[in-house]
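Okay, structure first, notes after.
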Amino acid sequence: MSTTSSPVKSAYHVEEFRAQFPILKELVHGKPLVYFDNAATSQKPRRVIKAESTYYATINANVHRGVHTLSTKATEAQEAARETIRKHINAKHAHEIIFTSGTTASINLAATSLGQLLLEKGDEVVISGMEHHSNIVPWQLACERHGATLKVIPITESGEWDLGETPGPSTPLREARSEVFTEKTRILAISHVSNTLGTINPVKELIAQAKKQGIITVVDGAQAIPHLKVDVQDLGCDFYAFSGHKAYGPTGIGVLYGREELLEKMPPWQGGGEMIDQVNFEKSTWAKLPFKFEAGTPNIAGIIGLGEAISWMNDYDLDAMAAHELTLLARATKELLTIDGLRIIGTAKEKVGVISFVIEGVHHYDLGTLLDQQGIAVRTGHHCTQPLMDRFGVSGTTRASFACFNTMAEVDALVAATKKAVKMLR
Ligand code: 7TS
């Protein structure tokens, strides 16, 4: 379903991006929409919207089930999307790409199935203190089921993993890491990029350390896929989870990449149609990968839409998009800090275009409501990271998260509207 639109790889023209997002023409409270809630869900370019509607209008049929023409076409379109995604994250095999309903489902699949395969009483699962609830609760449940313990990497004041020293190419992670991993550690589950802080974590280094000890690694890539070029083989992770809807794709579709060798060993997590080889009342056997983990009719339109979103991103330059978002972040950071009593939560050196802040004497909900009245959409609250809020001693933050189509003028509008709101609320 991919189109032949010409790539824009040179200078960054934000208007060229804006023209592709129909929703940006909407007015909110009579004001032009300023959409700064991309970390919750990104907006969708016309090509993605069209790919879904074209699917429904011209080839809608169930996949891998019929011999009729439409079923064959739907199957081919779905499997082409799987290949697009495989290539995008550099997985070795297309059957290592499992379609789920989103990151949450992907991590639940991993936690349930890996838990059953690996965890025994006394074992440990390590996560970090900046995880989204989706990368905490499934592991808690798995630990409860198998008598294992959940351990948490602490977070520094700047919003980075506290591993004893700053990791980097020239400063290899200290062996002090063995405080994080013990001989009982079986699984490491960490986010690539924090949804609340914007921190880009040194996942590759920690994965390398974990691998030395035979620990299985699961990466929550929900916030990385929209901004970073991800190469799962280079990262060395065993699993990588993400959602379509945060990367310009549709809602209700996500991916769990898993290394073939492990997926082969893992038990299915849901039973139903298409995930079986043979069923009889005594015992059933399982379909080959990836279908063993894809019970029931998949979100075919969503898969095709996600494939289109990935193709769309690849027709542009993800690095240029991320660099543009970082210029917006730099301006927002500088200007928001001129507001008396404003504190930024998440000041890591390596960040994507996400800024979370609190303002003395101003509740984030009140600020969010006043910003909305100016047409500015931000997220307020705990961002599904309550333990992280506790770490920073706040009940919630206001978060602006940038995408390729946002402009400097919009950042200035956010800053002006925030200043105005603060005057009203204090
Ligand atoms: N992991 C991270 C890092 C996330 O940011 C999110 C969603 C999830 C997992 C769950 O993804 P889902 O698609 O399955 O819901 N984060 C946010 C957010 O920051 N604001 O709204 C949703």
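Counting convention: from 1, in listed order, for ligands and their atoms alike. Quick note: numbers below take in every heavy atom, side chains included, and nothing from hydrogens, waters or symmetry partners.
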Plane angle bin for H133 and H382 - parallel if under 30°, tilted between 30 and 60°, otherwise perpendicular: tilted
Residue among M275, H64, H95, E274 satisfying side-chain contact (heavy atoms from CB on, under 4.5 Å) with F291: H64
Numbered atoms and elements of ligand 1 in range of H245, under 4.0 angstrom, heavy atoms: 12 (P), 13 (O)
Identity and distance of the protein heavy atom lying nearest atom 4 (C) of ligand 1: H132 CD2, 3.4 Å
Donor-acceptor under 3.5 Å (E96 side chain, E260 main chain): yes
Any donor-acceptor N or O pair under 3.5 Å, side chains H192, N201: no
Nearest-0.5 Å distance that lies between atom OG1 in T380 and atom CG in D366: 9.5 Å
Ring pair (Phe, Tyr, Trp, His ring centres under 6.0 Å) partners for Y56, two or more places apart: none
Residue portion contacting ligand 1 (non-hydrogen atoms closer than 4.0 Å) for S191: neither
Atom 7 (C) of ligand 1 [closest protein heavy-atom partner, distance rounded to 0.1 Å]: K246 NZ, 2.8 Å
Selection from R379, H383, H382 by shortest heavy-atom distance to atom 18 (C) of ligand 1: R379
Close approach, A39 and ligand 1, non-hydrogen under 4.0 angstrom: yes
Ligand 1 contacted by D220 (non-hydrogen, < 4.0 Å): yes
Closest protein heavy atom to atom 14 (O) of ligand 1, given as residue, atom name and distance to 0.1 Å: T104 OG1, 2.6 Å
Atoms of ligand 1, numbered as shown, that sit under 4.0 Å from any heavy atom of S243: 11 (O), 12 (P), 13 (O), 14 (O)
4.0 Å heavy-atom contact, H133 with ligand 1: no
Candidate with minimal heavy-atom separation from atom 19 (O) of ligand 1, of E131, Q223, R399: R399
Aromatic ring pairing Y248/F405, orientation class (parallel under 30°, perpendicular over 60°, tilted between): perpendicular
Listed partners of F99 passing ring pair (Phe, Tyr, Trp, His ring centres under 6.0 Å), at least two apart: none
